[in-house]
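Here is the structure we will look at.
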Amino acid sequence: MATSPTHPPRSANELRSAFSGFFASRGHTAVPSASLIPHDPTLMFTVAGMVPFKPYFMGDEVAPYQRAVTVQKCVRAGGKHNDLDEVGRTKRHLVFFEMLGNFSFGDYFKSDAIPWSWELVTEVFGFDGDRLWITVHESDDEAEAMWHEQVGVPMERIQRLGDKDNFWQAGDTGPCGPCSEIHVDLRGPAERAAVDGATLVNNDDPQVIEIWNLVFMQFERKANGSLVTLPAQHVDTGMGFERLARAVVGASSNYDTEVFKPYLRKLEALSGLTYGE
Ligand code: SER
């Protein structure tokens with residue numbers, strides 16, 4: 001399963017461009033990042049790349065394009081998606097971050113989204129497939145079969161999990177659906193030999209981290225908790241840009257990446273202190 005592109009993208013701008021270019025060449029319109037303040041009374045901030053597109057998922061508005069790719073600025077500092085308590089305690093949570101995402105508005109669904117994500121992660125970003133773990137919703141036989149039969153991921157690298165890990169919705173109400181995640185094991189050879197990565201997926205291990213979430217939007221969550229099937233099926237994916245920047249260089253912290261270096265250098269100059277000491 002290992003692949004090795006000759007010149008994999010590594011810098012922050014190369015990574016953003018590689019993601020956008022990959023989906024632009026597959027018919028996606030590159031849409032600029034929307035405001036952090038959403039036009040949405042159910043959310044305080046834009047918490048994910050899908051937020052500006054909610055009316056398209058709900059069927060309230062017709063999308064001007066059927067496929068979109070974005071690098072969306074996000075804040076998770078309150079409400080259902082609140083990372084505030086994790087920031088500073090882990091090396092992978094941020095209050096402000098960028099989310100790389102591809103979207104289908106009633107166009108393609110799982111059978112394109114899944115193989116494209118694998119192709120991008122292994123052939124463009126250069127991840128070794130033997131370090132990747134896949135999770136699917138426990139009810140999603142279809143996604144599991146696509147990962148295994150279409151993409152070739154061994155069954156022992158696919159985990160079926162419940163709503164807590166593999167069902168996604170932006171707020172208490174609104175569009176939602178089962179999801180499938182890609183996790184990467186960044187541990188060294190000795191640690192990998194000692195402890196099976198399977199046991200560390202979704203287990204708060206600092207080196208076995210989720211990098212991409214593919215949501216198969218097909219329901220609306222009503223205020224009374226019930227699920228109603230949406231008029232069409234959609235795709236909403238989100239990859240944490242800073243985590244990607246960290247994972248492609250094998251760093252052990254989001255902060256040890258080119259994304260944060262200019263800020264850290266400036267802080268060192270201003271404070272006279274050395275980062276890391
Ligand atoms: N909306 C999903 C998430 O934020 C995928 O983009 O994880």
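For this chain, numbers begin at 1 and follow the sequence in order. Both ligands and their constituent atoms are indexed starting at 1 by order of listing. No hydrogens, no waters, no symmetry mates; every other heavy atom, side chains included, goes into these values.
With respect to Lys110 and Asp140, a salt bridge is recorded, a charged nitrogen being found less than 4.0 Å from a carboxylate O.
Residue Met50 approaches ligand 1 through these ligand atoms, each under 4.0 Å from one of its heavy atoms: 1 (N). Those atoms of ligand 1 with a heavy atom of Gly238 less than 4.0 angstrom away are 5 (C), 6 (O). With ligand atoms numbered from 1 in the order given, ligand 1 contributes 4 (O), 6 (O) to contacts under 4.0 Å with heavy atoms of Met99. The Ala48 neighbourhood of ligand 1 comprises atoms 1 (N), 4 (O), with distances under 4.0 Å to a heavy atom of that residue. Near Val215, the atoms of ligand 1 lying under 4.0 angstrom from a non-hydrogen atom of the residue are 2 (C), 5 (C).
At a cut-off of 3.5 Å, with distance as the only test, a side-chain donor of Asn224 or Ser226 sits close to an acceptor on the other residue. Remark: the Asp107 side chain and the Tyr65 side chain contain no N/O donor-acceptor pair separated by less than 3.5 Å.
Ranking protein heavy atoms by distance to atom 6 (O) of ligand 1, first place goes to Asp236 OD1, 2.8 Å. Remark: minimum distance from atom 7 (O) of ligand 1 to any protein heavy atom is reached at Asn213 ND2, 3.0 Å. The nearest heavy-atom contact from the protein to atom 4 (O) of ligand 1 is Arg76 NH2, 3.0 Å.
When the heavy atoms of Phe103, Trp168, Phe53 are ranked by distance to atom 3 (C) of ligand 1, first place goes to Trp168.
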Chi angles and distances behind the side-chain contact (heavy atoms from CB on, under 4.5 Å) call for Arg187, Val195: CA-CA 10 Å; Arg187 295 174 303 153; Val195 179; 3.6 Å; yes
Trace of the side-chain hydrogen bond (donor to acceptor under 3.5 Å, both in side chains) decision for Lys54 with Thr42: CA-CA 11 Å; Lys54 268 175 81 175; Thr42 69; 3.2 Å; yes
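Every heavy atom of His81 sits 4.0 Å or more from the atoms of ligand 1.
For the salt bridge (charged side-chain N to carboxylate O under 4.0 Å, His left out) test with Arg160, the passing option among Glu138, Glu181, Glu144 is Glu144; the others fail.
Put simply, the side chain of Ile134 reaches to within 4.5 Å of the side chain of Ile182, judged on heavy atoms.
Aromatic ring centres of His28 and Phe19: separated by at least 6.0 Å.
When heavy-atom distances to ligand 1 are checked against a 4.0 Å cut-off, Thr237 comes that close only through its backbone atoms N, CA, C and O.
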